[in-house]
Protein chains: 2
Amino acid sequence: MQILNYQPNAAARGLAAGRTRILGLVIPMGVAYLFSDPYFPRLIQGISRACNQHDYSTMLWLAEPEYEHRTIQQIVSAAMIDGVIIASVLTDDAVIEAVYSRRIPFVLVGRHPVHSDIKYVDVDNRLSARDAVLHLLRLGYKRVATIAGPLNMVGRLDRLAGYTDALKARGLVSDANLIAEGDFTEESGYRAMQQLLPQAPDAIFIASDTMALGALRALREAGKRVPDDIAVVAYDDMPFAARTEPPLTTVRQPIHRAGFVAAETLMDLINERDGKPRRVILPTKLVIRESCGAHRAAEKRMHTRR
Amino acid sequence: MQILNYQPNAAARGLAAGRTRILGLVIPMGVAYLFSDPYFPRLIQGISRACNQHDYSTMLWLAEPEYEHRTIQQIVSAAMIDGVIIASVLTDDAVIEAVYSRRIPFVLVGRHPVHSDIKYVDVDNRLSARDAVLHLLRLGYKRVATIAGPLNMVGRLDRLAGYTDALKARGLVSDANLIAEGDFTEESGYRAMQQLLPQAPDAIFIASDTMALGALRALREAGKRVPDDIAVVAYDDMPFAARTEPPLTTVRQPIHRAGFVAAETLMDLINERDGKPRRVILPTKLVIRESCGAHRAAEKRMHTRR
DNA sequence: CTGAAAGCGCTTACAG
DNA sequence: CTGAAAGCGCTTACAG
């Protein structure tokens with residue numbers, strides 16, 4: 001049975017059927033260095049898994065700013081892809097505007113700041129950040145600083161808002177001197193921490209584990225002990241977060257799952273099975289380890305009781 | 001001029017022209033955890049850059065073992081892609097066999113262990129590993145251990161061979177007790193180091209920076225100082241290698257460039273501009289920092305001279 | 001229910 | 001050199 005070796009011609013099939021079973025994935029590289037953060041590999045793995053299961057393929061575009069126009073051309077190029085996933089929403093994103101106005105099926109990973117009718121998959125960045133900071137406040141810390149992510153990214157703005165929410169909830173007002181901006185690299189966390197140290201914070205919420213790595217390095221160099229001199233809570237729960245010194249208390253978010261769900265949501269959209277909700281908010285969880293001092297605080301309480 | 005908004009139909013063009021201007025990229029996931037190593041993101045960035053410059057697009061397949069058959073089907077599916085880049089050569093790779101036997105244009109990142117006529121881009125893993133280990137031996141270390149990568153990967157076998165070469169070059173014989181195998185994760189480096197410690201090595205060559213991270217952690221926990229008690233040389237020169245404690249002496253390899261060159265080589269192959277050589281070996285460089293003790297050794301010599 | 005035919009939207013070889 | 005026509009290899013609506 002030589003027929004077993006037959007491979008249909010994908011281009012012909014795409015032309016005739018009007019669909020290619022290819023999903024596009026666009027990663028804005030306005031922030032190219034970000035790509036080495038383990039976030040994107042895990043997201044891609046989730047998307048790829050869904051594609052494997054549903055017999056789709058993935059087209060990858062790293063949208064470098066200097067080629068943005070070309071990337072958009074390719075995405076909106078008819079009959080190349082059936083739809084597109086856009087990861088990591090920038091507050092001003094030409095790619096989103098292009099696919100939105102041309103009515104190309106697409107799903108965001110991260111909520112859109114303006115168009116509320118866009119389908120997206122996300123975590124509740126604001127609420128989870130609020131809870132993380134409240135955790136610190138409840139432990140009794142008074143001067144809680146934060147290192148935010150690049151503020152042109154929607155999710156990072158939300159985390160910063162969550163930080164402010166938490167302060168407000170405890171009747172505190174946020175102090176601009178306690179807020180530094182990083183760009184998600186280890187190096188930027190290092191610099192931001194050095195910048196904050198003179199303000200003598202007794203705790204800090206850092207918007208990513210990778211930046212926390214840099215912050216821990218800065219603290220070590222400055223001779224500060226974590227959590228005794230300053231408590232740290234981070235975000236992501238990357239694999240390495242359990243192995244820093246001390247291990248990081250951090251907000252776990254299901255990145256792999258976000259990719260998977262985004263891909264399935266897009267497939268439904270393409271096939272007009274509009275069962276999936278417009279927004280999918282995935283659960284997060286504050287993973288408590290050593291860096292926040294909660295264990296130490298619990299110990300103290302025990303000693304006090306005796 | 002409304003004609004400016006015209007977008008040619010990619011499927012129709014592909015059918016008519018017999019080429020799609022799409023390159024496939026296959027990352028074997030027999031080693032899925034590997035994907036979080038910064039290696040692949042940087043490789044993808046290089047490939048993506050070349051595609052942007054030459055007006056190609058990239059199709060990404062993470063070839064999970066359970067979907068290997070399907071992935072192969074997609075790759076060899078006519079008129080989907082013009083050619084394929086296969087990253088990270090496993091010693092037994094069904095994907096490579098499939099594209100090889102079907103005469104689909106392809107380029108490997110990493111040399112092939114059997115078919116020497118296959119085009120590839122690589123570094124000289126063996127020679128660079130040899131030089132790294134010779135560096136340690138020249139500094140006077142006597143018991144040089146190694147943590148190898150997964151031995152089903154060709155490049156990692158080559159690095160192990162380089163380790164043995166160096167020992168031989170100094171009239172030493174390799175001791176199986178001084179060789180441990182990791183899987184490129186931080187965790188595996190940690191465990192491999194713990195396993196090697198009872199053998200009392202005074203230096204170690206580790207096949208990746210990520211594993212070195214784990215090894216440094218194991219050494220710290222065991223109370224060993226680097227490089228005083230044990231010297232460390234790693235491989236990759238990832239961004240974080242300059243910021244470990246102590247900073248890593250490590251072999252720098254141009255990953256981004258490897259991706260870029262692989263993509264351009266494939267484009268030439270597709271267009272039958274057979275100008276590019278069959279094999280491209282990119283240069284490596286031993287970057288000397290604190291972990292090997294070379295600086296300390298130099299200092300000592302200075303003191304002795306006085 | 002089955003099967004031959006039209007048509008998807010391009011590229012390219014070829015007639016003029 | 002220019003332009004109309006054939007053909008790429010499928011899917012699908014439609015005639016039988």
Side-chain angles (χ1 to χ4, degrees), chain A residues 1-24 51-61 67 69-84 98-99 101-106 263 266-274, chain B residues 1-24 51-61 67 69-84 98-99 101-106 263 266-274:
Chain A
M1 296 252 290
Q2 63 269 46
I3 207 172
L4 284 175
N5 245 326
Y6 166 74
Q7 283 300 333
N9 181 299
R13 173 178 279 184
L15 218 207
R19 44 207 245 82
T20 55
R21 297 194 80 82
I22 301 175
L23 303 186
C51 284
N52 274 335
Q53 287 186 11
H54 298 276
D55 202 34
Y56 274 78
S57 295
T58 314
M59 190 114 236
L60 179 68
W61 285 290
Y67 297 103
H69 181 67
R70 202 194 74 91
T71 303
I72 291 175
Q73 294 288 93
Q74 298 215 13
I75 294 165
V76 304
S77 161
M80 183 128 172
I81 55 171
D82 293 342
V84 62
V99 295
S101 66
R102 287 167 200 252
R103 310 191 157 279
I104 293 167
F106 75 106
L266 179 57
M267 290 171 199
D268 280 358
L269 198 62
I270 290 165
N271 299 306
E272 284 166 15
R273 281 184 261 109
D274 214 355
Chain B
M1 296 249 294
Q2 63 268 47
I3 207 173
L4 283 175
N5 246 328
Y6 166 74
Q7 283 301 332
N9 181 299
R13 174 179 279 184
L15 219 208
R19 44 205 247 81
T20 55
R21 297 194 81 83
I22 300 175
L23 303 186
C51 284
N52 273 336
Q53 287 187 9
H54 297 276
D55 203 34
Y56 274 79
S57 295
T58 314
M59 190 115 236
L60 178 68
W61 286 291
Y67 297 104
H69 181 67
R70 201 194 75 90
T71 304
I72 291 175
Q73 294 288 92
Q74 298 215 11
I75 295 165
V76 304
S77 161
M80 183 127 171
I81 54 170
D82 293 342
V84 62
V99 296
S101 67
R102 288 169 198 251
R103 311 189 157 280
I104 292 168
F106 76 106
L266 179 57
M267 292 171 196
D268 279 359
L269 199 62
I270 289 164
N271 298 305
E272 283 166 15
R273 279 184 263 110
D274 214 354

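Since this is a predicted model, take the numbers as computed values, not measurements. Per chain, numbering begins at 1; letters A, B, ... match sequence-line order.
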Trainee: Between B:Asp55 and A:Arg70, is any pair of side-chain heavy atoms under 4.5 Å apart?
Mentor: yes

Trainee: Hey, where does DNA chain C pair up into stems, meaning at least three consecutive Watson-Crick or G-U pairs with distances under 3.5 Å?
Mentor: C:1-3 with D:14-16, C:5-12 with D:5-12, C:14-16 with D:1-3

Trainee: Of the non-hydrogen atoms in B:Pro105 and B:Ile270, which two are nearest, and what is the gap between them?
Mentor: CB-CG1, 4.1 Å

Trainee: Using the C1' atom as the point on both nucleotides, what is the distance between C:dC10 and D:dA13, in whole Å?
Mentor: 22 Å

Trainee: Check each of A:Val84, A:Leu269, A:Ile75 against A:Phe106 using the side-chain contact (heavy atoms from CB on, under 4.5 Å) test, and report the only one that passes.
Mentor: A:Val84

Trainee: How does each nucleotide of nucleotides 7-14 of chain C score, in 5' to 3' order, for protein heavy atoms under 4.0 Å: base (B), sugar-phosphate only (S), or none (-)?
Mentor: BBBBS---

Trainee: Not counting sequence neighbours, which residues clear salt bridge (charged side-chain N to carboxylate O under 4.0 Å, His left out) with A:Arg102? List them please.
Mentor: none

Trainee: Check A:Ala98 against A:Ser101 and note the closest heavy-atom contact, atom names and distance.
Mentor: O-OG, 3.2 Å

Trainee: Do A:Thr20 side-chain atoms and A:Met80 backbone N/O form a donor-acceptor pair below 3.5 Å?
Mentor: yes

Trainee: Flag yes if more than 12 heavy atoms outside B:His54 fall under 6.0 Å of its NE2 atom; otherwise flag no.
Mentor: yes

Trainee: Take A:Asp82 and A:Tyr56, measure what side-chain contact (heavy atoms from CB on, under 4.5 Å) needs, and give me the verdict at the end.
Mentor: CA-CA 10 Å; A:Asp82 293 342; A:Tyr56 274 78; 4.0 Å; yes

